[in-house]
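Scroll down for the structure; my scribbles are underneath it.
Values in this document were obtained by computation on a predicted structure and should not be read as measured data.
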Amino acid sequence: MAGRRFGKTDCMMTLACLTAAKGKRVFFICPTYKQCRDWFKNILQLIPGEIVTNTNKSDLTIEFAAGEKGTGIIKFFSGEPDAIERCRGYECDLCIIDEFCNIANQNYVYYDIVRPLVAITKGRVFIISTPKSTANFFYQAYLKGKQGIDGFESFKFSSLDNPFFPKEEYEQIRATTPSISFQQEYECNPQANASNPFKEVDINNCTMPRLSDEPTVCYGIDIAKGNSEDSDQTCIVGLSATGKQTYFSRFRLNEYEAQYQKILTLPYPKALKVIDSSSFSAGSVIYQRIRNEGHNVIGFEFTSKSKAPLYYKLINAIEKHEIGFIEPVADELKIMELTYSDKSNVVKIAAQSGTGMHDDAVAAIAMAWGYLQRSAPNTNFMNTFGFA
């Protein structure tokens with residue numbers, strides 16, 4: 001994720017040439033066919049002619065002499081909706097997608113078209129772009145990389161990280177450009193969707209650099225079952241009596257027993273555990289077992305009408321800066337959205353549609369905060385949980 005004029009495409013063209021020169025296959029996907037033709041011409045100017053064995057202007061393919069390693073290629077594809085389908089049936093060692101935020105159906109393009117290209121070769125995919133809001137797959141992939149999820153790695157550069165970008169020009173752009181545009185286009189800070197009930201400025205004010213050392217008095221536990229790349233994850237958030245986050249864990253475990261054992265070994269075993277006990281959910285089975293064994297546990301059943309009030313309490317706490325949380329939770333809060341159905345008269349708060357992301361961390365901290373507040377009026381709060 002890089003700001004305007006950072007030089008991200010030039011970096012990727014260099015990487016493409018170095019890779020093809022080793023006899024590897026490189027696919028370079030651009031948002032439009034015109035951009036493919038432009039970069040095809042630019043890349044031919046970048047490399048010495050003696051290592052190019054063949055060029056095809058209609059196929060936008062460049063072949064490289066790689067000695068004993070055979071022939072390497074760079075092939076350009078358009079990312080336009082119909083044209084992107086032409087990638088099917090191929091495989092490559094490196095796939096580069098330029099200005100990914102300008103490509104439609106990002107989730108589909110990555111998982112259905114691009115990811116299979118490198119499955120057999122165990123190759124790499126580079127997704128590069130200037131950000132365009134938090135409501136897209138590109139930003140969610142960036143968050144996954146920050147958290148080390150599903151094999152993603154993330155990198156972020158502002159325009160000024162380019163040593164050739166004139167600083168005086170940068171400051172002039174800052175002074176004459178609307179703040180929301182400057183932050184996104186040059187500082188590389190994606191701006192949240194206006195439909196998000198959690199305001200970014202409030203989220204940032206509540207974000208802590210690290211977990212608190214205070215004792216955990218309440219856990220929110222959102223349980224999922226599944227181990228595929230796009231499945232939900234189990235998330236556990238712990239809060240102290242003062243509302244600061246003390247614990248965070250997010251994982252995929254397909255077996256109930258493994259999740260049950262992980263919950264039993266949480267620090268501060270006397271702390272209240274609030275578990276998603278919705279009917280037919282993965283958590284209902286674990287909740288029933290833990291409750292029957294006499295642990296300090298409460299079940300919360302998520303329904304279309306119970307979820308919004310729980311989240312409203314969290315929204316209010318964040319607006320008043322009554323709660324503190326670490327960056328992974330803050331990142332997820334920034335991709336939420338509120339929708340209203342006239343048909344069912346129900347308000348829905350969930351991860352933004354089309355992003356492929358879930359709200360497991362938000363659900364976990366909302367449960368912990370909701371039940372922390374129910375207990376807070378007790379003057380002997382710490383005694384309630386056996387910490388005195």
Side-chain angles (χ1 to χ4, degrees), residues 1-2 4-106 108-130 137-138 141 145 151-155 157 162 164:
M1 184 163 69
R4 299 286 290 275
R5 311 312 304 157
F6 167 74
K8 50 190 178 294
T9 303
D10 289 339
C11 289
M12 291 298 105
M13 283 201 300
T14 304
L15 177 64
C17 292
L18 293 172
T19 304
K22 296 177 181 178
K24 302 293 186 180
R25 291 156 295 180
V26 180
F27 288 177
F28 206 115
I29 301 174
C30 302
T32 67
Y33 181 71
K34 182 182 182 304
Q35 287 172 304
C36 288
R37 286 187 299 163
D38 290 342
W39 291 127
F40 175 81
K41 294 175 184 177
N42 290 345
I43 221 164
L44 284 175
Q45 295 174 356
L46 181 68
I47 54 181
E50 58 266 26
I51 68 169
V52 176
T53 59
N54 187 42
T55 62
N56 188 317
K57 293 183 180 179
S58 59
D59 264 353
L60 298 181
T61 301
I62 306 169
E63 295 184 4
F64 287 67
E68 296 178 356
K69 297 178 181 177
T71 302
I73 69 163
I74 299 177
K75 185 173 178 60
F76 288 83
F77 290 91
S78 169
E80 292 165 296
D82 292 331
I84 192 69
E85 299 293 335
R86 294 171 188 160
C87 292
R88 290 182 179 272
Y90 290 98
E91 64 180 22
C92 63
D93 301 288
L94 171 65
C95 182
I96 297 168
I97 314 178
D98 190 26
E99 292 298 352
F100 192 64
C101 284
N102 291 331
I103 290 179
N105 304 318
Q106 294 175 16
Y108 169 75
V109 167
Y110 177 77
Y111 284 112
D112 289 51
I113 304 294
V114 172
R115 185 65 181 86
L117 296 175
V118 297
I120 300 299
T121 62
K122 296 184 178 178
R124 296 183 295 170
V125 177
F126 279 78
I127 306 171
I128 65 172
S129 191
T130 298
F137 172 83
F138 178 75
F152 283 92
E153 291 182 82
S154 291
F155 307 89
F157 304 97
N162 176 355
F164 301 103

Ile97 and Ile128: CA distance, side-chain angles, deciding distance, side chain to side chain contact (heavy atoms under 4.5 Å, CB included) verdict: CA-CA 6 Å; Ile97 314 178; Ile128 65 172; over 6 Å; no
Yes or no on side chain to side chain contact (heavy atoms under 4.5 Å, CB included) for Glu85 and Ile113, after CA distance, side-chain angles and deciding distance? CA-CA 7 Å; Glu85 299 293 335; Ile113 304 294; 3.6 Å; yes
Take Phe64 and Thr53 through the side chain to side chain contact (heavy atoms under 4.5 Å, CB included) test and state the conclusion after the steps. CA-CA 6 Å; Phe64 287 67; Thr53 59; over 6 Å; no
Stepwise side chain to side chain contact (heavy atoms under 4.5 Å, CB included) test for Cys95 and Ile29: CA-CA 8 Å; Cys95 182; Ile29 301 174; 3.7 Å; yes
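From Asp112, atom CG reaches atom CZ of Arg88 across 6.0 Å, with rounding to the nearest 0.5 Å. Note that the CD1 atom of Ile127 and the CD atom of Gln106 stand 8.5 Å from one another [nearest 0.5 Å]. Interatomic distance, CZ of Phe76 versus CZ of Phe40, reported as 7.5 Å (0.5 Å rounding). Put simply, CD on Glu63 and NZ on Lys75 are 10.0 Å apart, with the number rounded to the nearest 0.5 Å. Between the CE atom in Met1 and the OG atom in Ser154 there is a gap of 7.5 Å [rounded to 0.5 Å]. Rounding to the nearest 0.5 Å places OH of Tyr33 at 12.0 Å from CZ of Phe77.
For the pair Thr9/Trp39, a side-chain contact is recorded, criterion being any heavy-atom separation below 4.5 Å from C-beta on. No side-chain heavy atom of Val118 sits less than 4.5 Å from a side-chain heavy atom of Asp93. Counting heavy atoms from C-beta on, the side chains of Arg5 and Phe164 never come closer than 4.5 Å. At least one side-chain heavy atom of Ile62 sits less than 4.5 Å from a side-chain heavy atom of Val52. Ile43 places a side-chain heavy atom less than 4.5 Å from the side chain of Ile74. Counting only heavy atoms from C-beta outward, the side chains of Thr121 and Arg25 approach each other to under 4.5 Å. Contact annotation: the side chain of Met12 never approaches that of Leu94 to less than 4.5 Å [non-hydrogen atoms, C-beta and beyond].
For Phe137 and Tyr108, the distance between ring centers is not under 6.0 angstrom.
Within 6.0 Å of atom CG in Asp82, 12 or fewer heavy atoms from other residues, nucleotides or ligands are found, so the atom counts as exposed in its surroundings.
Here the closest non-hydrogen pair linking Phe138 and Cys101 is CD2-SG, 3.5 Å. The two atoms that bring Ile103 and Asp98 nearest to each other are CD1-O, 4.3 Å, heavy atoms only. Here the closest non-hydrogen pair linking Ile47 and Cys17 is CG2-SG, 3.2 Å. Scanning both residues, Cys36 and Leu60, for their nearest heavy atoms gives CB-CD1, 3.6 Å. Contact detail for Ser78 and Thr32: the closest heavy-atom pair is OG-C, 3.7 Å. For the residue pair Ala141 and Phe152, the shortest heavy atom distance occurs at CB-CE2, 3.8 Å.
Between the side chains of Thr130 and Lys8, a donor-acceptor pair is found at a separation under 3.5 Å.
For the pair Thr14 (side chain) and Asp10 (backbone), a donor-acceptor distance under 3.5 Å is present. Without hydrogens or angle criteria, Gln45 side chain to Asn42 main chain gives no donor-acceptor distance under 3.5 Å.
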